2 protein chains.
Amino acid sequence: MEEIDRRIVTLLAADGRMSFTDLAKETGLSVSAVHQRVRRLEKRGVIRGYSALIDHDAIGLPLTAFVSIKPIDPSAADDAPDRLLHLTAVEACHSVAGDESYILKVRVESPIALEHLLQQIRAAANVSTRTTIVLSTPFEHRTPDLGTGPG
Amino acid sequence: MEEIDRRIVTLLAADGRMSFTDLAKETGLSVSAVHQRVRRLEKRGVIRGYSALIDHDAIGLPLTAFVSIKPIDPSAADDAPDRLLHLTAVEACHSVAGDESYILKVRVESPIALEHLLQQIRAAANVSTRTTIVLSTPFEHRTPDLGTGPG
DNA sequence: GATGAAACTCCATGACT
DNA sequence: AGTCATGGAGTTTCATC
């Protein structure tokens, strides 16, 4: 990927609603050239989508936790992600190296809701869980610094 | 927060560039009423901003890891987040309950870059680190289901 | 790939209920 | 809080280079 595309990606990662007009000003291109590039980045999957960043406290999901899971039967099919998809409290699922197989990031309303969710996770994916509760989040969703590229 | 605001938040979390016109159609309100609500949600901090979701493989940061950190001197001032802010590879920093004090999410170019970053983290915050490498990410950034509210 | 212009759609604000 | 009206911006497409 090239310099101007990197700049566009950086700008849109920092402000997902920036207008094409402003992107054009920032990049020195015409509006239609920027438009074309953004559409191409979307089509190529470099830009996967756009999202509003939400204050989870404000929407009634103040409790965040990381849940590491491990299959109870190590010989069973490893389809945990599929089995957890329906649990909307599970915001992310990462397959990881190490003693456990996945790390989930979950957002719930309360400790009771977390307890219930853990039961659901264990039942749905036939796993044991280890939970780390988030006390506060100094920062999150920071935009990568794409600098001037590899090289 | 009330029903229509929840709906607006859900829609914008799923598509951060949705137009006010479409939000109006989805909510049954007029464009200006939606406009007013979105601005209020932004002002109240319920919506903290907007971001493009990026494919990290495509931008040359294919290696994700979780780094748990623990202070080497437990009596020292706990200002790790401040000390890590300048490391742009650190995408998120969560204070957590448990044996370790923070979990960081980092994105780097390569194993060598991770090694270098870990050295920087240890030096900057005077901590020990424990790193869990992400092999793949079945899903991430899922939108919360705000349903019809608490109750 | 980039550009400028045209047609169209959307945004943002003010007057009013 | 909401609607409607409106002028100003922003978006999208197209012919052209």
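Note on naming: letters A, B, ... go to the chains in the order of the sequence lines (proteins, then strands), and numbering restarts at 1 for each one. Treat the numbers as computed from the prediction; the structure is a model and nothing was measured.
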Please name the pair of heavy atoms, one in Leu146(B) and one in Arg6(B), separated by the smallest distance, quoted to 0.1 Å.
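Answer, listing the atom of Leu146(B) first, then Arg6(B): O-CD, 3.5 Å.
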Could you pull out the closest heavy-atom pair between Ser110(B) and Leu63(B), with the gap in Å?
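Nearest pair, atom of Ser110(B) first, then Leu63(B): C-CD1, 3.4 Å.
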Taking the six-membered ring for Trp, are Phe66(B) and His94(A) parallel (under 30°), tilted (30 to 60°) or perpendicular (over 60°)?
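Ring orientation, 0 to 90° scale: perpendicular.
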Heavy-atom count check: over 12 atoms from other residues, nucleotides or ligands less than 6.0 Å from Arg83(B) CZ?
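Counting neighbours around CZ of Arg83(B), 12 or fewer heavy atoms of other residues, nucleotides or ligands fall under 6.0 Å, so no.
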Test side-chain contact (heavy atoms from CB on, under 4.5 Å) applied to Lys70(B) and Asp99(B), step by step
CA-CA 8 Å; Lys70(B) 189 157 39 171; Asp99(B) 188 43; 3.0 Å; yes
Going 5' to 3' along DNA chain C, between which two nucleotides do contacts with chain B fall, using a heavy-atom cut-off of 4.0 Å?
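Nucleotide range in contact with chain B: dC10(C) to dT13(C).
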Give the residues of residues 35-48 of chain A touching DNA chain D, defined as any heavy atom closer than 4.0 Å, sorted by residue number.
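His35(A), Arg39(A) - these, ordered by number, are the residues of the stretch whose heavy atoms sit under 4.0 Å from the strand.
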Of the residues in residues 13-33 of chain A, which ones touch DNA chain D at a heavy-atom distance under 4.0 Å?
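DNA chain D contact set from residues 13-33 of chain A: Ser19(A), Phe20(A), Thr21(A), Val31(A), Ser32(A).
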Between the first and last five pairs of the helix from dG1(C)-dC17(D) to dT17(C)-dA1(D), the angle of the axes, rounded to 10 degrees:
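Computed from the C1' atoms at both ends, the axes differ by 30°.
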For a quick test of your reading: what N or O donor-acceptor pairs under 3.5 Å do the side chains of residues 114-129 of chain A make, sequence neighbours left out?
| unit_1 | atom_1 | unit_2 | atom_2 | d |
| --- | --- | --- | --- | --- |
| Arg122(A) | NH1 | Thr129(A) | OG1 | 2.8 |

Treating Thr88(B) as the side-chain partner and Thr143(A) as the backbone partner, does any N or O pair qualify as donor plus acceptor under 3.5 Å?
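No, Thr88(B) side chain to Thr143(A) backbone: no donor-acceptor pair under 3.5 Å.
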Taking the side chain from Ser51(A) and the backbone from Ala13(B), do they hold a donor-acceptor pair closer than 3.5 Å?
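Looks like yes, one N/O pair under 3.5 Å.
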Could you work out, with salt bridge (charged side-chain N to carboxylate O under 4.0 Å, His left out) as the rule, every residue matching Asp15(A), not counting sequence neighbours?
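In terms of salt bridge (charged side-chain N to carboxylate O under 4.0 Å, His left out), with neighbours along the sequence ignored, Asp15(A) is linked to no residue.
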